[in-house]
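Start at 1 and go down the list; that is how both ligands and their atoms are numbered.
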Amino acid sequence: MTTNYMLRLRNICYAYHTLYGETNVLDNISFDVTAGEFVAVVGPSGCGKSTLLSIIAGLLSPEDGTIAVNNPDGSLHYPRVGYMLQHDHLFEWRSIYKNVILGLEISHMLTEERLAYVNQLLADYGLEQFRDKRPSELSGGMKQRAALIRTLALDPQLLLLDEPFSALDYQTRLSVSADICRLIRRTGKTVILITHDLSEAISLADRVIVLSRRPSTVKCELPIHLSLADNSPLAARNAPEFSAYFNKLWEEIRNEETIQ
Ligand code: ADP
Ligand code: MG
């Protein structure tokens, strides 16, 4: 048995227990993620996608099942995790620079090396001249780049993206998601992206995992291979295989989208 994985989930189960009763959310979720892979997870609203990410991040403990880790360097310690959420969560009372170093500040990691890396990213991502601006002075795309730098500053091994583009309008979303994912690809990090948008999943990911409605199970896994001259996510939407993947995913998810 090879150990060519970074994360291996086996039979993860989770339920929320409240005063009003029990909500079974995850039912025997199992899948692997290879180091450097970009995986998209799609599923109906409320099926447990955010819960699953919280479990992977170590914020919630599964009620049953195991998470095994095998970092690229062979170590078995839990990977450092970076989170990007639906809103950029930049603080208006801090400059862009103060925002991107916030994670380092909180984690007492304001070392010369880390700050040099942040400065490098600000330059690479075209944000150097915005470092003293407030978030409201930046475009939606620039703010997402700043949010990405804040996440990368801590040098996570695993990036968890929970519908990070869903607050943007459709046109902005197309270009911002392509831009952010291109930048993430360049880092070679392992990524798990949650999205509602099947086209986004196909154009960005190496593999798409479909969850059923709650209590959710893995309905299917679809590896994506697009024949492309140019590797950009926008070009991916015109790849000859794109519509076949879309139809397959739509077929899988259609029956799950009914009211629960
Ligand atoms: P998704 O991200 O797929 O939309 P979530 O993981 O946020 O779904 O939630 C899955 C289900 O668990 C939903 O029915 C939601 O109402 C319920 N839920 C989420 N968080 C809590 C909580 N803290 N307490 C009780 N129920 C919750
Ligand atoms: Mg969610």
Side-chain angles (χ1 to χ4, degrees), residues 7 9-33 38-67 78 81-90 140 143-144 147-148 150-151 156 158-170 172-173 176-177 180-181 184 190-205 207-222 246 249-260:
L7 202 62
L9 308 186
R10 284 294 173 273
N11 305 106
I12 300 292
C13 297
Y14 194 83
Y16 288 104
H17 303 273
T18 68
L19 283 176
Y20 309 102
E22 190 180 82
T23 310
N24 277 320
V25 179
L26 304 175
D27 178 21
N28 280 298
I29 301 282
S30 302
F31 61 85
D32 292 353
V33 180
F38 196 125
V39 174
V41 177
V42 298
S45 176
C47 78
K49 301 181 293 299
S50 297
T51 304
L52 181 63
L53 275 202
S54 297
I55 288 174
I56 293 171
L59 300 172
L60 292 175
S61 302
E63 294 195 319
D64 211 345
T66 55
I67 302 183
Y78 209 78
V81 169
Y83 236 117
M84 269 180 85
L85 302 165
Q86 192 169 349
H87 295 280
D88 51 57
H89 291 293
L90 297 171
K143 282 194 277 199
Q144 287 286 347
L148 177 62
R150 185 187 50 198
T151 308
L158 178 60
L159 278 175
L160 303 176
L161 313 181
D162 195 349
E163 311 208 32
F165 313 118
S166 58
L168 303 170
D169 66 76
Y170 184 70
T172 314
R173 179 181 177 136
V176 171
S177 61
I180 294 297
C181 290
I184 290 176
T190 311
V191 183
I192 303 178
L193 165 74
I194 283 179
T195 175
H196 265 102
D197 185 331
L198 301 185
S199 302
E200 189 171 280
I202 299 165
S203 62
L204 301 177
R207 183 160 49 108
V208 180
I209 295 175
V210 180
L211 298 183
S212 71
R213 76 181 94 160
R214 186 162 55 75
S216 66
T217 54
V218 174
K219 243 202 130 192
C220 79
E221 294 189 35
L222 187 64
F246 188 92
L249 287 178
W250 176 240
E251 197 55 39
E252 292 289 346
I253 214 166
R254 194 167 56 136
N255 300 323
E256 304 300 326
E257 286 284 7
T258 47
I259 306 295
Q260 297 193 29

Exercise. Please report which non-hydrogen protein atom sits nearest to atom 5 (P) of ligand 1, along with the residue it belongs to and the distance in Å to one decimal place.
Key: Thr51 OG1, 3.7 Å

Exercise. Number the atoms of ligand 1 from 1 as they appear, then name those within less than 4.0 Å of a heavy atom of Thr18, with their elements.
Key: 25 (C)

Self-check item: Residues in ring pair (Phe, Tyr, Trp, His ring centres under 6.0 Å) contact with Phe165, at least two apart in sequence or another chain
Solution: none

Quiz item: Quick one: does ligand 1 sit under 4.0 Å from the side chain of Val25, the backbone, both or neither, non-hydrogen atoms only?
Solution: side chain

Quiz item: For atom 27 (C) of ligand 1, what is the nearest protein heavy atom, given as residue, atom name and distance?
Solution: Tyr16 CD1, 3.3 Å

Quiz item: Is ligand 1 less than 4.0 angstrom away from at least one heavy atom of Gly43?
Solution: no

Quiz item: Considering residues at least two apart in sequence or located in another chain, which fulfil the ring pair (Phe, Tyr, Trp, His ring centres under 6.0 Å) criterion with Phe246?
Solution: none

Quiz item: Only one of Val191, Thr190, Leu193, Leu53 forms a side chain to side chain contact (heavy atoms under 4.5 Å, CB included) with Leu160, so which one is it?
Solution: Leu53

Quiz item: Is there any N or O on Ser50 that sits under 3.5 Å from an N or O of ligand 1?
Solution: yes

Self-check item: Proximal candidate to atom 1 (P) of ligand 1 [heavy atom criterion; set Glu163, Arg213, His17, Lys49]
Solution: Lys49

Quiz item: Any donor-acceptor pair under 3.5 Å linking the side chain of Lys49 with the backbone of Gly43?
Solution: yes

Self-check item: Residues that Glu252 engages under salt bridge (Lys or Arg N to Asp or Glu O under 4.0 Å), provided they are two or more places apart
Solution: Lys219, Lys248

Quiz prompt | Contact partition for Leu52 relative to ligand 1, non-hydrogen atoms under 4.0 Å | solution = neither

Quiz item: At their closest point, which heavy atom of Leu26 faces which heavy atom of Ser216, and how far apart are they?
Solution: CD2-OG, 3.5 Å

Quiz item: Do Leu161 and Ile184 come within less than 4.5 Å of each other through their side chains, counting heavy atoms only?
Solution: yes

Self-check item: Closest protein heavy atom (residue, atom, distance) for atom 4 (O) of ligand 1
Solution: Gly46 N, 2.8 Å

Self-check item: Any protein heavy atom nearer than 4.0 Å to atom 16 (O) of ligand 1
Solution: no

Exercise. Verify the contact flag for atom 10 (C) of ligand 1, where contact means a protein heavy atom under 4.0 Å away.
Key: yes

Quiz prompt | Closer than 2.8 Å to the Mg ion (ligand 2) - protein N, O or S atoms, ordered by chain and residue number | solution = Ser50 OG

Quiz prompt | Arg214 neighbourhood, listing ligand 1 atoms whose heavy-atom distance to it stays under 4.0 Å | solution = 11 (C), 14 (O)

Quiz item: Atom CG of Leu211 and atom CD1 of Ile194: how far apart are they, to the nearest 0.5 Å?
Solution: 8.0 Å

